[in-house]
**Q** 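Here it is: the structure, laid out below.
Along the sequence shown, residues carry numbers from 1.
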Amino acid sequence: MSDADPTSAASPTTSNPAFDDPDYRNGIVELLGLLSSGEIIACERLAEDAKMAPDLRTKVEIAAMATSEFGHFLQLRDRLVELGEDAYARMTPFAATFEAFHAKTRPADWLEGLVKAFVFDGLAADFYREIAAFLDADTRELVLETMSGTGSSEFVIDAVRGAIEVDPKVGGRLALWGRRLMGEALSQAQMVVAERDELSALLVGGVDSPGMDLAAIGRMFTRLTEAHAARMDRLGLAS
């Protein structure tokens, strides 16, 4: 038996009645394209960051983070294929946005790379967890699973705190870096939602699927900021 081409069109395998609404279905396809694009580019960037690692153990840990991102990408891509979509065509519109973000936040060394992975991974998980509340059960489960993080938290925390113990000045530099990352990430999230009507519709909802009003969206971004502060504290950094 020959392997199926994952890029080829496939019939939807879900009978989820939520997809009877074409606007909702389009929003989900947009969301899956966004997540898939973000995951594969994160994988690529982490693989590049691994080259800056000071030792083999650190290199392997960062490479494992990249592998985790790739696994998440495969799950998201495959769901798009199940829905009969050209996964790569759906990912392409978001590639430039992610590339621009990573170009603006290119780490200067391996510690900045770890902080970036930790901050962005956590923020993405928080942001998409908020969105997941407005999704059908099957899509919610997939989003929560693929946005659950790379399982590297303790390694990153130990590495950053250890570096600060050796040289306390590192803490100030990384704290500034973390604040910059948060600002860039929030700007990207707001821009993507604002520019893509289908994604906006998932958040604000419609007559049959109420979502967030402007006040609720504001509270969501407050929660994201508070969660970021808690993560920075775990790293031993001021937010």
**Q** Within the side chain of Arg161, is there an N or O that forms a donor-acceptor pair under 3.5 Å with the backbone of Arg234?
**A**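 At least one qualifying donor-acceptor pair exists.
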**Q** Hydrophobic cluster membership, with links at side-chain heavy-atom distances under 4.5 Å among I/L/V/M/F/W/Y: are Leu74 and Phe98 in one?
**A**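 Yes; tracing contacts between hydrophobic side chains, which count when under 4.5 Å, links both residues.
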**Q** Closest approach of Ala159 and Leu111, non-hydrogen atoms and distance?
**A**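 Taking Ala159 first and Leu111 second, the nearest heavy atoms are O-CD2, 4.2 Å.
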**Q** What distance do Leu142 atom CG and Leu32 atom CG have between them, rounded to the nearest 0.5 Å?
**A**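 These two atoms lie 6.5 Å from each other.
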**Q** So, Tyr128 side chain and Thr146 main chain: donor-acceptor pair closer than 3.5 Å or not?
**A**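 Checked: no pair found.
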**Q** Run the numbers on Asp78 and Gln75 for side chain to side chain contact (heavy atoms under 4.5 Å, CB included), then give the verdict.
**A** CA-CA 5 Å; Asp78 290 351; Gln75 290 178 273; 6.0 Å; no
**Q** Could you give the distance from OG1 (Thr97) to CG (Leu34), rounded to the nearest 0.5 Å?
**A**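 So the OG1 of Thr97 and the CG of Leu34 are separated by 8.5 Å.
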**Q** Is Ile62 close to Thr58 at the side-chain level, that is, under 4.5 Å between some pair of heavy atoms?
**A**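 In contact.
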**Q** Is Phe120 reachable from Phe221 through a run of I, L, V, M, F, W or Y residues, each pair having side-chain heavy atoms under 4.5 Å apart?
**A**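 As far as the 4.5 Å side-chain criterion goes, Phe120 and Phe221 are connected within one cluster.
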**Q** Looking at CD of Glu39 and CE of Met91, how far apart are the two atoms once the value is rounded to the nearest 0.5 Å?
**A**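 Taking CD in Glu39 and CE in Met91, the distance rounds to 10.0 Å.
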**Q** Distance check, rounded to the nearest 0.5 Å: Asn26 atom CG versus Phe19 atom CZ?
**A**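 Rounded to the nearest 0.5 Å, the CG-CZ separation comes to 10.5 Å.
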**Q** Looking only at heavy atoms, which two atoms of Gly113 and Pro107 are closest? And how far apart?
**A**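 Result for this residue pair: N-CB, 3.4 Å.
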**Q** Would a distance-only check, ignoring hydrogens and angles, find a side-chain to backbone donor-acceptor pair under 3.5 Å from Arg129 to Met147?
**A**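 Such a contact is absent between Arg129 side chain and Met147 backbone.
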**Q** Checking the side chain of Arg140 only, and the main-chain atoms of Ala132 only, is there a donor and an acceptor separated by less than 3.5 Å?
**A**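 Yes; judged by distance alone, with no hydrogens or angles, the pair exists.
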**Q** Salt bridge check: are Glu99 and Arg45 linked by an N-O gap of less than 4.0 Å?
**A**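 Result for this pair is yes, salt bridge flagged.
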**Q** Is a salt bridge present between Glu48 and Arg106, judged by a nitrogen-to-oxygen distance below 4.0 Å?
**A**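 Looking at Glu48 and Arg106, the cut-off is not met.
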**Q** Kindly indicate, with the supporting measurements, whether the criterion side chain to side chain contact (heavy atoms under 4.5 Å, CB included) is fulfilled by Ile41 and Glu69.
**A** CA-CA 9 Å; Ile41 293 175; Glu69 299 284 17; over 6 Å; no
**Q** Kindly compute the distance separating CD (Glu61) from CG (Leu46), expressed to the nearest 0.5 Å.
**A**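 CG of Leu46 is found 12.5 Å from CD of Glu61.
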**Q** Would Arg79 and Glu82 pass as an ion pair if we require N to O under 4.0 Å?
**A**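 Here Arg79 pairs with Glu82 in a salt bridge, since their nearest N and O are under 4.0 Å apart.
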**Q** If the test is side chain to side chain contact (heavy atoms under 4.5 Å, CB included), which one of Asp158, Ile164, Ile157 qualifies with Val160?
**A**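 Result: among Asp158, Ile164, Ile157, Ile164 is the only option passing the side chain to side chain contact (heavy atoms under 4.5 Å, CB included) with Val160.
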**Q** Any Lys/Arg nitrogen of Arg231 or Asp126 sitting under 4.0 Å from an Asp/Glu carboxylate oxygen of the other?
**A**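 Between Asp126 and Arg231 there is a salt bridge, with a charged N closer than 4.0 Å to a carboxylate O.
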**Q** Is there a donor-acceptor pair under 3.5 Å between the side chain of Asp121 and the backbone N or O of Ala117?
**A**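 No; judged by distance alone, with no hydrogens or angles, the pair does not exist.
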**Q** Got Val119 and Met232 here, is their nearest side-chain heavy-atom distance under 4.5 Å?
**A**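 They are in side-chain contact.
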**Q** Enumerate donor-acceptor pairs with a distance under 3.5 Å from any side-chain N or O in residues 173-184 to protein atoms, sequence neighbours excluded.
**A**
| unit_1 | atom_1 | unit_2 | atom_2 | d |
| --- | --- | --- | --- | --- |
| Arg173 | NH1 | Asp109 | OD2 | 3.2 |
| Arg173 | NH1 | Glu112 | OE2 | 3.0 |
| Arg173 | NH2 | Asp109 | OD2 | 3.0 |
| Trp177 | NE1 | Glu112 | O | 2.9 |
| Arg179 | NH1 | Ala238 | O | 3.3 |
| Arg180 | NH2 | Lys104 | O | 2.2 |

**Q** For Ala50, does its backbone N or O pair with a side-chain atom of Lys59 as donor and acceptor, under 3.5 Å?
**A**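 Checked: pair present.
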**Q** Please report the closest heavy-atom contact between Ala66 and Ala47, naming both atoms and the distance.
**A**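 So the minimum-distance heavy-atom pair works out to CB-N, 4.0 Å.
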**Q** Test side chain to side chain contact (heavy atoms under 4.5 Å, CB included) on Lys51 and Trp110; report intermediate values, then the result.
**A** CA-CA 8 Å; Lys51 297 177 183 178; Trp110 68 280; over 6 Å; no
**Q** Going by the rule ring pair (Phe, Tyr, Trp, His ring centres under 6.0 Å), which residues pair with Phe155 if we only count those two or more places apart in sequence or in a different chain?
**A**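 For Phe155 there are no ring pair (Phe, Tyr, Trp, His ring centres under 6.0 Å) partners, ignoring immediate neighbours.
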**Q** Take the angle between the ring planes of Tyr88 and Phe73 and call it parallel below 30°, perpendicular above 60°, tilted in between.
**A**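 Rings of Tyr88 and Phe73: tilted, as their planes differ by 30° to 60°.
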**Q** Taking only residues two or more places apart in sequence, or in another chain, which ones meet Asp20 in a side-chain hydrogen bond (donor to acceptor under 3.5 Å, both in side chains)?
**A**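 Listed in chain order: nothing, the list is empty.
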**Q** With rounding to the nearest 0.5 angstrom, report the CG to CD1 distance, Leu135 to Ile28.
**A**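 One finds 4.5 Å between CG of Leu135 and CD1 of Ile28.
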**Q** Going by heavy atoms in the side chains, are Ile131 and Val143 under 4.5 Å from each other?
**A**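 With C-beta onward as the side chain, the pair stays apart.
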